[in-house]
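Computed from a prediction, not measured in an experiment: that's the story for all the values here.
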Amino acid sequence: MKNKMMRTMLGMGGAVVMLLSSIDVYAAPKTMADGTVFDAEYYAETYPDVKAAFGNDEAGLYNHYVNFGKAEGRQPVAPQAQATCNVLNDLVAPLPEFSAEANAAYTKKVPVKIGKNDSKYLWFADEYSVKHLERCRADYSGNPIYQAARNYILQEWEKDKSQSVMNIPIYFVLSSKENADELSDICINLSVDLKKAKVAGTVQVSYCAADGCIHMGKSWENGVTHCMSCIIIEDD
C-alpha cells in the first residue's frame, strides 16, 4: 500500500513538472544592453501579432521592438502613472482637447524610451534633478495631463518655432504636497521625453504661478493658480 501511494505521488509530481514546464515564464522588466528597459511579457501580451510571430522568445521580441516596434509607437514596458492621477482633482479648467488621431500622432512622435542615462537629457543635471528623475522616471504617455501638455507643446511648436517660452493652458490650484510632487514628476518626464525625441534642442517643462508673480510659501498651501509652462531652445 505504501509503495502504491509513493508511485501515485511520484506520478502526480511528474504531471506537475510537465505542467510547469508548459507554462510561459517571463523575467521582470530588465535593462537591455543599449539601456532600454524592456518587458518581454508585457510586449508579447500587448501585441498579439508580435507574439504570433515570436512566441515568448525574449530576444526575438526585443529585436522586433528595436527594428520595428519603436518606430511604430509600440511600448517596451507597461505605461505607468496613468491608472491614478490625483492632481487631476486640482484642475480649475478643462484640459486642452485633442482628437484621437492627433493624440496618436503626437504619441508616435514622442515615444517614451526609458534608459539608464536619461539624466543627460535634463536641462539642469544638478544633483537634485538627477535624483528626482531617478526616483520618478516612468512611462507617463497614458497620463491625461502629460498627454494634454505634450500635445499642446507639439501643436504650438509646429505653428511657430521661434517661440522660446510657452504658457500651457493647464491650470491648477494645488491642494497637497503629494499632488505638487506628482505634477513635478509629470513635468520632468515630459521634458526628458521631448528632448530624447529631438523635438527641439533643449526643453524644460515646469509649472509656475499663472499670474507671473513670485508668491511666498509652499505652492500647495498658498491657494495660487498655477499653470504649466515650457521653455524651448533650439541647438545651433
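Gln147 places a side-chain N or O within donor-acceptor distance of the main-chain N or O of Ser141, the cut-off being under 3.5 Å. In this structure a side-chain-to-backbone donor-acceptor pair under 3.5 Å is present from Gln163 to Asp160.
Residue Lys198 qualifies as open at atom NZ: its count of foreign heavy atoms under 6.0 Å is 12 or below.
Legend: salt bridge (charged side-chain N to carboxylate O under 4.0 Å, His left out) pairs involving residues 93-104, not counting sequence neighbours: none detected.
Between Tyr43 and Phe38, the two ring planes are tilted [angle within 30° to 60°]. Between Phe68 and His64, the ring planes are tilted. Angles from 30° to 60° get that label.
Ion pairing between a basic and an acidic side chain is recognised when a charged N comes within 4.0 Å of a carboxylate O; Arg74 and Asp49 show such pairing. Under a 4.0 Å N-O distance rule, the pair Asp118/Lys113 does not qualify as a salt bridge. The pair Glu134-Lys131 does not meet the salt-bridge criterion, since no charged nitrogen lies less than 4.0 angstrom from a carboxylate oxygen.
Closest non-hydrogen pair, Cys136 versus Ile188, comes out as SG-CG2, 3.5 Å.
Residues Ile186 and Met166 are members of one and the same hydrophobic cluster, defined by side-chain heavy-atom contacts under 4.5 angstrom among Ile, Leu, Val, Met, Phe, Trp and Tyr. In the hydrophobic clustering of this structure, Leu183 groups with Leu91; members are Ile, Leu, Val, Met, Phe, Trp, Tyr whose side-chain heavy atoms approach within less than 4.5 Å, directly or through other members.
With no hydrogens or angles considered, no side-chain donor-acceptor pair links Asp193 and Tyr140 at under 3.5 Å.
Under the side chain to side chain contact (heavy atoms under 4.5 Å, CB included) test applied with Phe172, the options Val87, Thr225, Leu88, Asn179 reduce to a single match, Val87.
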